[in-house]
2 protein chains.
Amino acid sequence: MSVGNTEVPVVIRADIPLPIGVDDHRACPATDVLRRVGDRWSVLVVMLLGRRSYRFNELHRAIEGISQRMLTLTLRSLERDGFVSRTVHPSVPPGVEYALTDLGHTFLVPISAVAEWAAAHDRDIDAARARYDGAAGSVNP
Amino acid sequence: MSVGNTEVPVVIRADIPLPIGVDDHRACPATDVLRRVGDRWSVLVVMLLGRRSYRFNELHRAIEGISQRMLTLTLRSLERDGFVSRTVHPSVPPGVEYALTDLGHTFLVPISAVAEWAAAHDRDIDAARARYDGAAGSVNP
DNA sequence: CCGTATCCGTGATGATACTG
DNA sequence: CAGTATCATCACGGATACGG
């Protein structure tokens, strides 16, 4: 997800029908969503919350390497876009519970397809890279 | 796609099983792929090439707003990762043909799921944003 | 036609310190 | 516990000019 962005509409000018989801006069919705969720942490957070609800520091501990700041920004962004709900439990100390909304849950379905594809073709991509880097990189010591 | 990046592995520490594609000891493959493809142009290019092969300037004309530089970088990146093939036809003037590889074609399937989800829930996201911005933004004129 | 090289703005991310 | 504020950094992406 672009955590706070200003998108510029993209227009496809091909006058031929496209495989899916891309019509000839508007921006590609897949690109929008992929940019929305293509940041470093959003998918990770969504998947964790797909399992159960979490509290803030619980997420912070669960995701190795995320900064407090980025976790906050990511959660805010997901909340803003309707993927995640934020519930404050008035207690001492205060507890804030994050959970997926219905929308967020429906998003788990297509993102799972990507995840499964990624898991299945991980090696293929690595192999392709090795081939590419090996072929082109060796000319320049 | 992160057009030229240096990724740092992400480790999930939750000791509970995750919905899909995320195991407890490695980086999330979905996140990797989403970051790989979550840039401004990659999905657009893949979808165009999913229809048929294109020449460079043909793509440049088809995608309104892309710079020559970014088209080159995007294609190089997709080629490196094995999504796209690049074929030079020795002719005058020279023609370079870009096409999806088999790997690229298989990727159309999960990405289509995202595209369809995006098309279906476009409004929901916009509505959620309007609600969020309306509720929080109005307290600060 | 198909790029590469260079410069540069902006946004994304991290580190760190501070607060209700 | 759950953030916010501030500063620094670097990758992404655009504009432009040049080269094979």
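What's counted below: heavy atoms across the whole structure, side chains too, no hydrogens, waters or symmetry copies. Predicted, not measured: the structure shown is a model, and the values here were computed from it.
Nearest nucleotide to the B:Arg40 side chain, out of C:dG14, C:dC2, D:dG14: D:dG14. In the set C:dA15, D:dG14, D:dT4, D:dT4 carries the atom at the smallest distance from any side-chain atom of A:Arg76. With C:dC1, D:dG14, D:dA2 as the choices, the nucleotide that has an atom nearest any side-chain atom of B:Asn57 turns out to be C:dC1. Picking from C:dG14, D:dG3, C:dG3 the nucleotide with the shortest atom distance to the side chain of B:Gln68 gives C:dG3.
The distance between atom CG of B:Leu44 and atom P of D:dG13, rounded to the nearest whole Å, is 12 Å. To the nearest angstrom, P of D:dA2 lies 17 Å from CG of A:Leu73. Between the CG atom of A:Leu59 and the P atom of D:dA2 there is a distance of 9 Å, rounded to whole Å. Taking atom CG on A:Leu71 and atom P on D:dA5, their separation rounds to 17 Å, with Å as the unit. A:His89 has its NE2 atom 10 Å from the P atom of D:dA2, to the nearest Å. As rounded to whole Å, 16 Å separates atom P of C:dC1 from atom CG of B:Leu75. As rounded to whole Å, 11 Å separates atom P of C:dG14 from atom CD1 of A:Ile63. Rounded to an integer number of Å, the gap from CD1 of B:Ile66 to P of D:dT16 is 17 Å.
Minimum heavy-atom separation, B:Pro29 to A:Ala119: CB-N, 4.1 Å. For A:Val84 against A:Thr101, the heavy-atom pair with the smallest separation is C-CG2, 3.7 Å.
For B:Arg35, no side-chain nitrogen or oxygen approaches OP1 or OP2 of D:dC12 to under 4.0 Å. Dashed line: the shortest gap from a side-chain N or O of B:Arg86 to OP1 or OP2 of C:dC2 is not under 4.0 Å. Taking only side-chain nitrogens and oxygens, A:Tyr98 comes nearer than 4.0 Å to OP1 or OP2 of D:dG3. The side chain of A:Arg55 contributes an N or O atom lying less than 4.0 Å from OP1 or OP2 of D:dA2.
For the residue pair B:His89/B:Glu97, the side-chain donor-acceptor check at 3.5 Å is satisfied.
B:Arg69 comes within 4.0 angstrom of a base, heavy atoms only.
Counting non-hydrogen atoms of other residues, nucleotides and ligands closer than 6.0 Å to CG of A:Asp126 gives a total above 12.
In this view, B:Ser67 satisfies the side chain to side chain donor-acceptor pair (under 3.5 Å) rule with no residue, not counting sequence neighbours.
Each of A:Pro94 and A:Ser67 has a nearest nucleotide on DNA chain C; the 5'-most of these lies closest to A:Ser67.
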